[in-house]
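Everything on this sheet refers to the single structure shown next.
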Amino acid sequence: MTNADLVAALETIARYMELLGEDGFRVIAHTRAARTIEGVNDDLVAVGKGPDAAKKLTELKGIGPAIAKKLIELSTTGKCAELELLQAQVPVGLIPLLQLQGFGPKSVHVWWKEAGVTDIASLKAAVESGKIASLPRHSQKTVDKLKAALESAAQGAGRMRLGQARRLADRVVAQLRSRAEVLHAEAAGSMRRGRDSVGDIDIIVSSSDPAATSRAFTTLPMVQSVISAGDTRASVKMVAVGGSRWEKEEAADDEHADPSAAKGAGGPTMQVDLRVVPQEHFGAAMVYFTGSKDHNIHLRQRALDMGYTVNDYGVYVEDKADDTPPHKRKGAAGRPLASKTEADIYAFLKLPYIPPEIREDRGEFELKETPRLIEVADVKAELHAHTTASDGGMSILELATAAKARGFHTIAVTDHSQSQFQARGLKPDRLRDHIAAIRSAQEQIKGITILAGSEVDILPDGRLDYDDELLAELDVVVASPHNNLTQNSVDATARLVKAASHPLVHIIGHPTGRLVLRRKGLEPDMNAVIAAAKAHGTALEINAHWMRLDLRDTHVRAAVDAGCVIAIDCDVHAESDFDNLRYGVTTARRGWVTPDVCVNTWPAEKLHGWLKKKR
DNA sequence: GCCGTTTTCGGCCCGACTGTTTTCAGTCG
């Protein structure tokens, strides 16, 4: 039983209640409590078993006495009577039906009660037999929509990783901006916030000819199918662009891969939504479609407390007597008090400008000024890179030249250690030769420092893959877990704490080994790992590859709050991997990282001094 | 089911779009 299990239990309760048609506010309450738990790093199962559990749990936002009781029951017994009662009433096969595009709990409820549908198979049968078409409010058009939704679900259209979504969004935005009538075009949504995976892409545009822009959008070459299309909004499915080493590997081994993708059509499909707004409302729309649900609710509530109301057109005076949407009111009442830029909106509500990445309702409303979060341009060193000596594609000199071209003052060569035989990990004598080769490369290039390092495996019991004598010869040691990534939480914690406490280790690389949407990785007590890292001056890495983004955002935030130092590294294998820095920085920003706590931003002297302290 | 410098009861973010309707329910973001 972990926090994730508590989240799953609350989500399941909420879904069952929806299907039964229970009070929507109870559904929302359970869902919000689940969101809260997702953002917590403390082990709530341990809290639930411990003293004063109810009191401690109800201190969390959105958790009251009733949900606290369920959490305690789950923590202590692993079961929840209410959940079991719900399970007895509702067929479990109905839950996946809630994911069908364009259909929700009310529809599923009708299918279940009126047509005997209990899962995907019986739904398909009911569609084929005409049973669905005979239900009230189910015309042929609705049935066609349902068939399309079933088709799409079968193809596994789901979430997409940040790096894949970003590339697609950049292309869409560039094509829209190239049109004469388009004044502004930006991607918003969870992708702009930098979530590690996204369920769709939102594009906000202001245009002098909305209808033409919307038409152009729905006929872009990447469009696979059009879901809906109007003058002010349109939704399509697009095919992602492929190409990286991870994607090729994925296409080969993913049994759920879309067959059309395997034929070279590109990557997975993704829903892309377009909104066209008048230019004077662009900022309001960006705020509205960027903030998380919780951020937007908080913002709205704050406005209401001040006597205003916020929608996607701007901030307006709240008028309870008039139920016309404020932007449609006549005269001065219909004019927004702030709407043009995002900064205008926040300033009007007496808030500093809040960077997109932290619009999650995790404390940003208490900020007195805009924090100076880390930016890509602050990064001046790469401390995790591979060469042809192990599994990289560049020589030492090629790597150093590429890093220098990026404006870096330092590049660390950190090839794999001996246990990584499949990645041509270096045996001790090969590593000693490699160190000599790095020293000699340094003599051939000026303007950048080449550090001799290693990405040393953290073995399952926490020991390292080289002995201390050899590690001491290296300028920088990145210690990373690569195998036994399914070991239990207690062992994982001991493993990482031991590595972070090692006097010769500078950085813990991709600490959990998770792969976004693919592998959970280790699930250690992260607070214990952070405490060990802090105590021994060891940096925790944010691996910038969009497949990893490990540490993840919530762990970064906990590490920063605890006073830990952070490294952001591209884990370079090919020159293009340097371009992934933006994703690492975005993840850092989500964790409220300022430049001073990130070792990669430090001037050469300070960085080299920090490394030498461990020698 | 949660929550409170206008509330311990009565609210809970809100508008657009779609399809099925003849005034609105459901879904989405």
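None of the values given here were measured: they were computed from a predicted structure. Naming: A, B, ... by sequence-line order, numbering from 1 per chain.
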H327(A) vs Y316(A) aromatic rings, parallel, tilted or perpendicular, using cut-offs 30° and 60°?
-> tilted

Taking side chain to side chain donor-acceptor pair (under 3.5 Å) as the test, write out the residues that go with E82(A), two or more places apart.
-> K70(A)

Taking only the side-chain nitrogens and oxygens of H327(A), find out if one of them lies under 4.0 Å from OP1 or OP2 of dA16(B).
-> yes

Identify whether any heavy atom of D305(A) sits under 4.0 Å from a base atom; if not, whether one sits that close to sugar-phosphate; answer base, sugar-phosphate or nothing.
-> nothing

Report yes or no: is there a donor-acceptor pair, N or O only, under 3.5 Å between the side chain of Y313(A) and the base of dG15(B)?
-> no

Side chain of S107(A): nearest nucleotide among dC2(B), dT27(B), dG15(B)?
-> dT27(B)

Go through the steps to decide whether R15(A) and E11(A) satisfy the test salt bridge (charged side-chain N to carboxylate O under 4.0 Å, His left out), and finish with yes or no.
-> CA-CA 6 Å; R15(A) 298 291 81 76; E11(A) 294 268 18; 3.0 Å; yes

Between E360(A) and R590(A), is there a salt bridge with N-O shorter than 4.0 Å?
-> yes

Heavy atoms under 4.0 Å, any strand shown: does I28(A) hit a base, just sugar-phosphate, or nothing?
-> nothing

Side chains of R159(A) and S197(A): do they bring a donor and an acceptor to under 3.5 Å?
-> yes

chi for dT22(B) classified (syn = within 90 degrees of 0, anti otherwise) as anti

Using a heavy-atom cut-off of under 4.0 Å over every strand shown, decide if L100(A) touches base, sugar-phosphate, or nothing.
-> sugar-phosphate

Base, sugar-phosphate alone, or nothing: which one does K70(A) contact when heavy atoms must sit under 4.0 Å apart?
-> sugar-phosphate

Check ion pair E151(A)-K147(A) (N to O, under 4.0 angstrom) = no

Counting Watson-Crick and G-U wobble pairs only, both distances under 3.5 Å, name the nucleotide matched with dT8(B), or none.
-> none

side-chain contact (heavy atoms from CB on, under 4.5 Å) against P210(A), all qualifying residues, sequence neighbours excluded = S207(A), V276(A)

5' precedence on DNA chain B between V108(A) and D23(A) (nearest-nucleotide basis) = D23(A)

With a 4.0 Å cut-off on heavy atoms, is N296(A) in touch with a base, just the backbone sugar-phosphate, or nothing at all?
-> nothing

Sugar-phosphate only, base, or nothing, as touched by K145(A) at under 4.0 Å among non-hydrogen atoms = nothing

Looking at every strand, decide which applies to F103(A) at a 4.0 Å heavy-atom threshold: base, sugar-phosphate, or nothing.
-> sugar-phosphate

Between L60(A) and L98(A), whichever has its closest DNA chain B nucleotide further toward 5' is L60(A)

Name every residue in residues 271-282 of chain A that has at least one heavy atom under 4.0 Å from any atom of DNA chain B, in order of residue number, or write none if there are no such residues.
-> Q271(A), D273(A), R275(A)

Using a 4.0 Å heavy-atom cut-off across all strands, classify P136(A) as base, sugar-phosphate, or nothing.
-> nothing

Indicate whether F25(A) forms a stack on dC12(B); treat it as stacked only if centroid distance is below 5.5 angstrom and interplanar angle below 30 degrees.
-> yes

